[in-house]
S.K.: 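My questions all concern the structure below.
One is the number of the first residue; the rest follow in order along the sequence.
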Amino acid sequence: MNQTSISARRIAIIGAGAIGGHFAARLALAGHRVSMLARGATLQALTVSGLRYAAPDEPERPVPVNAYADCAAMGPQDLVVIALKSHALPGVVDSLAPLIGPETVVLPVGNGLPWWYFLTPGNPLHGLRLASVDPDGRIERALPLGQVLGGSVMASCSCPAPGVVRHHSGGKVVIGEPAGGASDRASDWAQVLTAAGLPTTASTDIRRDLWMKLLGNACSNPLSLITQATTDRIVDHPGTRAVFKNLLAECLALGRRAGLTLDVDVQQRIAQTRELGAIKTSMLQDLEAGRWVELDAILAAPLECAARLEFDAPWLKTVFALAGLRAAQAGLYGDHGVPG
């Protein structure tokens, strides 16, 4: 299906950073009615200059989007893309109610494990509520699980200034039903996103896909935070390569214990990481920019799974402790700062 055969949809983007801006730009350029929730300098920049977007082989250009400080002015949407860092979602989720009608699809595309990950039946940890991601159940209450599609994005993007987004590489998107299996709505939205330049696959096992992404997040992100090195240097250095390898193997074993089918060769996965080149992870970008880092969904959540399964996870625990202290020393995690 090409874009000319797809009617314009009402799409809200919650999170006007790198990934949210990438989605917004592509969807707006494809003719959809895109609204972005923004605050402060980002809201001002979007209102005055539009979204300034650049991609590989595409020079920076302004993309007109509708920017709002609150959701009430946007009204019900066909799709709500949540591109916030996981720690920011509890603070805004109650305000999203005006966007969600009875047919609205909610698509979170963040890193780590989402709040809904173990809420669907058919897995060994069914019913586990991830306190590290949704401490008081606010997200679960505000976003009807039946209207949620799981999402994973494999793209390297950055937001060097308010209202400015650069897409550097990658771009694969995977979406699917939290309970697994095929669905018309996942297929429909995969076609819409693909036609807009966001190549998307409708998965029948999104939980597996999210854990596959977690493998990279849980290894590359915290190690880059601790060392302040790009991913190529992490896997080229013998010492950190060994840590990466052990952490990856442990995350694989934990996922399998949690009932997932994960056919991954550790050495091949490390080689794939190296082939990507000098990637500056989102967590390292956040450290350098003085933004709160996303350790809970990426490390604390899988450690909750490990505790419930009585699975020893010494590498995860060690890296979480080191990364947590590094971020806390910068005032970007724990009791040393306020997420924002």
Side-chain angles (χ1 to χ4, degrees), residues 19 82-87 89 107-120 123-125 128-134 148-156 170 172-176 178 180 201 203 205-226 231 234-235 243-266 268-270 272-273 276 279 281-284 286 293-309 311 313-320 323-324:
I19 294 297
I82 299 177
L84 293 169
K85 295 295 176 66
S86 57
H87 50 255
L89 182 53
L107 178 64
V109 293
N111 289 325
L113 298 183
W115 79 96
W116 57 259
Y117 196 84
F118 296 109
L119 299 183
T120 57
N123 64 78
L125 291 174
L128 173 63
R129 286 169 166 80
L130 295 170
S132 55
V133 178
D134 189 13
V148 171
L149 282 178
S152 171
V153 181
M154 300 296 288
S156 175
K172 177 183 176 182
V173 181
V174 182
I175 64 175
T201 301
S203 171
D205 192 355
I206 192 64
R207 293 177 67 253
R208 175 187 180 277
D209 296 311
L210 288 173
W211 199 280
M212 290 290 287
K213 185 181 179 184
L214 177 70
L215 296 176
N217 287 155
C219 300
S220 299
N221 273 280
L223 292 182
S224 72
L225 172 69
I226 296 165
T231 53
I234 290 170
V235 297
V243 175
F244 190 105
K245 176 183 176 181
N246 289 324
L247 190 57
L248 180 58
E250 187 172 279
C251 290
L252 272 171
L254 175 58
R256 289 167 180 152
R257 180 74 69 86
L260 300 170
T261 301
L262 300 169
D263 184 15
V264 177
D265 180 273
V266 171
Q268 184 180 30
R269 184 65 183 257
I270 294 174
Q272 290 171 345
T273 300
L276 294 174
I279 299 297
T281 70
S282 59
M283 197 172 285
L284 179 53
D286 288 341
V293 297
E294 198 172 16
L295 285 172
D296 287 333
I298 292 174
L299 291 179
L303 281 170
E304 284 191 66
C305 308
R308 176 66 68 89
L309 293 166
F311 176 91
W315 287 99
L316 275 168
K317 291 175 184 175
T318 300
V319 170
F320 184 35

S.K.: Quick check: closest heavy atoms across L247 and A218, and the distance to 0.1 Å?
M.R.: CD2-O, 3.2 Å
S.K.: Under the rule for salt bridge (Lys or Arg N to Asp or Glu O under 4.0 Å), what residues qualify as partners of D205, not counting sequence neighbours?
M.R.: none
S.K.: What are the two closest non-hydrogen atoms of V133 and A301, and how far apart are they?
M.R.: CG2-CB, 4.0 Å
S.K.: List the steps and the verdict of side-chain contact (heavy atoms from CB on, under 4.5 Å) for L316 and L299.
M.R.: CA-CA 7 Å; L316 275 168; L299 291 179; 3.6 Å; yes
S.K.: Between R208 (side chain only) and T261 (backbone N and O only), is there a donor and an acceptor less than 3.5 Å apart?
M.R.: yes
S.K.: Less than 4.5 Å apart, any side-chain heavy atom of I82 and any of L89?
M.R.: yes
S.K.: Knowing that exactly one of D296, D286, N111 qualifies, which makes a side-chain hydrogen bond (donor to acceptor under 3.5 Å, both in side chains) with K85?
M.R.: D286
S.K.: If we only count heavy atoms from C-beta on, is the P178 to L119 side-chain gap below 4.5 Å?
M.R.: no
S.K.: When rounded to the nearest 0.5 angstrom, what distance separates CG in L128 from CG in L113?
M.R.: 9.5 Å
S.K.: Answer whether the closest heavy-atom distance between the side chains of V235 and S220 falls below 4.5 Å.
M.R.: no
S.K.: Take atom NZ of K213 as the centre, draw a 6.0 Å sphere, and report whether it contains more than 12 heavy atoms from other residues, nucleotides or ligands.
M.R.: yes
S.K.: Mind checking the NZ-CH2 spacing from K245 to W315? Nearest 0.5 Å is all I need.
M.R.: 11.0 Å
S.K.: What closest approach, in Å, do A155 and I19 show between heavy atoms, and which atom pair accounts for it?
M.R.: O-CD1, 4.1 Å
S.K.: What is the distance from atom CG of L309 to atom CG of L125, rounded to the nearest 0.5 Å?
M.R.: 4.0 Å
S.K.: For the residue pair V173 and I175, establish whether any side-chain heavy-atom pair is separated by less than 4.5 Å.
M.R.: yes
S.K.: Verify side-chain hydrogen bond (donor to acceptor under 3.5 Å, both in side chains) between N221 and S282, making sure each step is shown before the conclusion.
M.R.: CA-CA 7 Å; N221 273 280; S282 59; 3.3 Å; yes
S.K.: Quick check: closest heavy atoms across S156 and I279, and the distance to 0.1 Å?
M.R.: OG-CD1, 4.4 Å
S.K.: Counting C-beta onward and ignoring hydrogens, is there a side-chain heavy-atom pair between N217 and E294 closer than 4.5 Å?
M.R.: no
S.K.: One pair to check against side-chain contact (heavy atoms from CB on, under 4.5 Å): C219 and V243. What are the steps and the verdict?
M.R.: CA-CA 9 Å; C219 300; V243 175; over 6 Å; no
S.K.: Out of L262, L260, D263, which one pairs with L252 under the side chain to side chain contact (heavy atoms under 4.5 Å, CB included) rule?
M.R.: L262
S.K.: Do R269 and M212 have side chains that get closer than 4.5 Å, going by heavy atoms?
M.R.: yes
S.K.: Can you give me the closest heavy-atom contact between W116 and R207, atom names plus distance?
M.R.: CZ3-CG, 3.9 Å
S.K.: Between W211 (side chain only) and C251 (backbone N and O only), is there a donor and an acceptor less than 3.5 Å apart?
M.R.: yes
S.K.: For R129, which residues count as a salt bridge (Lys or Arg N to Asp or Glu O under 4.0 Å) partner, sequence neighbours excluded?
M.R.: E140
S.K.: Determine, step by step, whether R308 and F118 satisfy the side-chain contact (heavy atoms from CB on, under 4.5 Å) criterion, reporting the C-alpha distance in whole Å, the side-chain angles of both residues, the deciding distance to 0.1 Å, and the verdict.
M.R.: CA-CA 12 Å; R308 176 66 68 89; F118 296 109; over 6 Å; no
S.K.: Report yes if some heavy atom in the side chain of F244 is under 4.5 Å from a heavy atom in the side chain of T231; otherwise report no.
M.R.: no
S.K.: Carefully, step by step, assess M283 and I298 under the rule side-chain contact (heavy atoms from CB on, under 4.5 Å).
M.R.: CA-CA 10 Å; M283 197 172 285; I298 292 174; 3.9 Å; yes
S.K.: Any side-chain heavy-atom pair from N123 and Y117 closer than 4.5 angstrom?
M.R.: no
S.K.: Among all residues two or more places apart in sequence or in another chain, which pass the side-chain hydrogen bond (donor to acceptor under 3.5 Å, both in side chains) test with S152?
M.R.: none
S.K.: What heavy-atom pair brings V148 and P108 nearest, and what distance separates the two atoms?
M.R.: CG1-CD, 4.1 Å
